[in-house]
2 protein chains.
Amino acid sequence: MSQSLFYSQYTRYYVAVDCVIFGFNGDDLDLMLIKRSFNPGKGEWALPGGFIEPNESAAQASKRILKEHTGISDVYLEQYYTFTDVDRDPGARIISIAYYALIKVEESNNELVSLHNAYWKKVSVLPKLMFDHGAIAEKALDQLRLKAKHQPIGFELLPECFTIPQLQKLYEAIYQKKYDKRNFRKKIAHLGLMEKLNVKDKTGSKRGAFLYKFNKSKYKILADKGIAFEI
Amino acid sequence: MSQSLFYSQYTRYYVAVDCVIFGFNGDDLDLMLIKRSFNPGKGEWALPGGFIEPNESAAQASKRILKEHTGISDVYLEQYYTFTDVDRDPGARIISIAYYALIKVEESNNELVSLHNAYWKKVSVLPKLMFDHGAIAEKALDQLRLKAKHQPIGFELLPECFTIPQLQKLYEAIYQKKYDKRNFRKKIAHLGLMEKLNVKDKTGSKRGAFLYKFNKSKYKILADKGIAFEI
DNA sequence: GCAAAAGTGTTCGGGCTACACCCATGA
DNA sequence: TCATGGGTGTAGCCCGAACACTTTTGC
């Protein structure tokens with residue numbers, strides 16, 4: 001085995017990825033949790049996850065798991081921490097590389113979701129999770145909050161076209177905090193990255209609210225110039 | 001083996017930690033690099049690192065490596081990314097959990113440093129590194145820059161007592177950017193977290209500059225109240 | 001006395017906050 | 001016509017950026 005040539009005296013470990021999958025339902029920020037049907041941890045709530053295969057990177061493994069659970073292959077994924085405590089899994093020593101994903105819930109395949117015993121749960125009132133998955137989820141939320149301030153990742157949770165009130169509700173759900181709608185609008189407008197469409201969404205109100213698109217390419221040009229996004 | 005009870009069908013991998021050790025010499029931000037004396041990668045520049053032992057977490061492993069290379073055991077350490085590309089190490093598949101460390105160079109044991117063929121190299125002009133270590137170091141620098149804006153981690157690179165010009169030079173080295181000294185002083189003073197000592201440091205100038213200490217406990221109180229640190 | 005670094009204030013503009021009313025529409 | 005959410009402007013304050021001269025002292 002060439003694998004052993006230099007390093008054979010060292011121990012090898014199981015390495016898994018765990019995915020903290022965020023979705024936004026219009027009011028709450030949700031997280032996809034699995035009701036575990038097998039041991040260890042049978043009957044408990046857990047994060048979707050799986051072992052890394054020999055031919056794939058951790059990013060590929062988490063994409064695979066994302067696709068298995070939602071049917072979506074083009075997903076915003078961010079690796080944020082690796083959990084290595086010796087006793088974190090009672091079944092064996094497992095090192096777990098954690099990713100959080102932002103998905104547009106309306107694109108996810110509900111049949112696949114239920115097939116995996118997966119449910120959307122509000123992040124504001126999460127149940128107790130198996131092993132250290134509670135800490136894994138908490139840290140994901142911290143990282144999401146940190147990142148969403150400086151990078152336009154919120155849009156990954158919204159449909160391509162969305163209204164300003166929807167966007168505001170999303171940020172309110174992420175930060176668990178109300179914003180003044182006039183100031184919020186001003187800040188968004190000031191970014192200069194929104195394309196207003198001449199179409200209204202009437203699902204949220206009688207009057208209807210204008211739809212907007214986020215101009216990703218314009219953002220990239222600004223980002224390359226070193227101009228910061230801030231929300 | 002209980003290790004195999006649930007998971008025996010899965011592959012196990014070597015898991016290492018790599019440490020990006022930052023130090024500040026008064027002018028430049030430095031990084032500790034090893035001139036490798038063994039294969040794979042013999043003769044190339046590499047990050048200090050090592051394999052995780054069965055009885056230790058990744059954090060413990062990186063502390064161990066830090067201590068081996070510098071003699072210091074109380075070190076600011078931050079895990080920031082895990083590198084998992086299948087072919088990242090030509091010798092075998094190795095998953096590497098990367099940490100960056102901030103140390104006070106004056107506390108490090110130079111004999112230990114040279115014993116490991118380690119050298120301090122300016123981050124502004126790094127040599128080519130072995131395997132993906134260049135990318136690992138780059139990402140560490142990105143993370144350091146991100147974090148140093150919002151958390152008082154710069155002080156980990158300075159002696160306990162330092163002057164304002166020293167502090168300014170440190171931030172200039174981190175961000176590769178000059179600051180106006182009047183504005184810098186104001187910003188620092190405005191934090192209200194510096195204790196001015198009635199002692200001057202005369203090593204940097206004839207006139208001498210007053211020494212200060214960072215008031216960690218005061219910072220913690222503010223941080224717990226949710227008051228942000230910003231620099 | 002001069003070189004070299006330390007130390008100090010003011011002005012201006014932009015962005016953040018706080019705040020209240022009219023608009024459009026479906027029921 | 002009324003209830004519901006969409007949409008708009010202004011005033012005050014604070015903060016960050018720009019900018020130049022005096023002080024101290026070792027040589």
Side-chain angles (χ1 to χ4, degrees), chain A residues 24-28 148-150 152 158-159 161-173 175 177-213 222 225-231, chain B residues 24-28 148-150 158-159 161-213 222 226-231:
Chain A
F24 179 60
N25 65 25
D27 285 308
D28 299 291
K149 276 203 165 53
H150 310 285
L158 291 173
C161 305
F162 52 86
T163 68
I164 304 295
Q166 276 168 15
L167 184 66
Q168 180 172 347
K169 275 191 177 170
L170 169 64
Y171 279 92
E172 290 177 342
Y175 294 103
K177 165 173 199 257
K178 289 281 174 198
Y179 297 100
D180 178 280
K181 62 180 174 174
R182 281 166 294 191
N183 294 337
F184 186 83
R185 244 166 221 283
K186 262 182 289 174
K187 189 146 56 172
I188 297 299
H190 184 244
L191 294 173
L193 294 172
M194 298 291 162
E195 270 172 45
K196 186 176 184 176
L197 309 180
N198 266 325
V199 188
K200 282 193 169 186
D201 167 38
K202 295 228 173 189
T203 59
S205 71
K206 295 159 187 173
R207 179 178 174 178
F210 279 106
L211 286 165
Y212 290 79
K213 277 186 182 183
L222 290 181
K225 282 190 202 158
I227 298 170
F229 176 94
E230 198 73 40
I231 213 157
Chain B
F24 179 60
N25 64 26
D27 286 308
D28 299 292
K149 277 203 164 56
H150 309 287
L158 291 173
C161 304
F162 52 85
T163 68
I164 304 296
Q166 275 169 17
L167 184 66
Q168 180 172 349
K169 274 191 178 170
L170 169 64
Y171 279 91
E172 290 177 343
I174 293 175
Y175 294 104
Q176 302 270 311
K177 168 172 196 260
K178 289 281 174 198
Y179 297 99
D180 178 279
K181 62 178 173 173
R182 283 166 292 189
N183 294 336
F184 187 82
R185 243 166 220 284
K186 261 180 290 176
K187 190 146 54 173
I188 297 299
H190 182 83
L191 294 172
L193 295 172
M194 298 292 161
E195 269 171 46
K196 185 176 182 175
L197 309 179
N198 266 326
V199 188
K200 281 192 169 187
D201 169 39
K202 295 226 171 192
T203 59
S205 71
K206 295 158 186 173
R207 178 177 175 179
F210 278 106
L211 286 165
Y212 290 77
K213 276 187 182 183
L222 290 181
I227 297 170
F229 176 94
E230 198 73 40
I231 214 157

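We use all heavy atoms of the structure for the numbers below, so side chains are in, but hydrogens, waters and symmetry mates are not. Below, read A as the first sequence line, B as the second, and so on, with proteins coming before strands; counting in each chain starts at 1.
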| task | Test A:Phe229 against A:Leu222 for side chain to side chain contact (heavy atoms under 4.5 Å, CB included), laying out the working first. | result | CA-CA 9 Å; A:Phe229 176 94; A:Leu222 290 181; over 6 Å; no
ask   = After noting the C-alpha distance and the side-chain angles of A:Cys161 and A:Leu197, does the key distance pass the side chain to side chain contact (heavy atoms under 4.5 Å, CB included) rule?
value = CA-CA 9 Å; A:Cys161 305; A:Leu197 309 180; 3.6 Å; yes
Q. Going through the distances and angles, do B:His150 and B:Glu230 end up as a side chain to side chain contact (heavy atoms under 4.5 Å, CB included)?
A. CA-CA 5 Å; B:His150 309 287; B:Glu230 198 73 40; 3.3 Å; yes
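Distance B:Glu172 CD to C:dA5 P: 13 Å, rounded to the nearest Å. At whole-Å resolution of the value, CZ in B:Arg185 and P in C:dG9 are 11 Å apart. As rounded to whole Å, 21 Å separates atom C1' of C:dT8 from atom OH of B:Tyr179. In this structure, B:Leu167 atom CG and C:dA6 atom P are separated by 12 Å, rounded to whole Å. Rounded to whole Å, atom C1' of C:dA18 lies 17 Å from atom CZ of A:Phe184.
By the side-chain contact (heavy atoms from CB on, under 4.5 Å) test, A:Gln166 pairs with A:Phe162, A:Thr163, A:Asp201, sequence neighbours left out.
Taking every nucleotide of DNA chain D with any atom under 4.0 Å from a non-hydrogen atom of chain B, the first and last of them, 5' to 3', are D:dC15 to D:dG26.
Around NZ of A:Lys200, the count of heavy atoms belonging to other residues, nucleotides or ligands within 6.0 Å exceeds 12.
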Quick tally for nucleotides 19-27 of chain C: nucleotides whose base has a protein heavy atom under 4.0 Å get B, sugar-phosphate-only ones S, the rest -, giving BB--BBBB-
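B:Asp27 and B:Lys169 make their closest contact through OD1-NZ, 3.6 Å (heavy atoms, listed as atom of the first residue, atom of the second, distance).
Counting heavy atoms from C-beta outward, B:Ile174 and B:Phe24 have side chains that stay 4.5 Å or more apart.
Using a 30° and 60° split on the angle between ring planes, B:Tyr175 and B:Tyr179 fall in the perpendicular class, above 60°.
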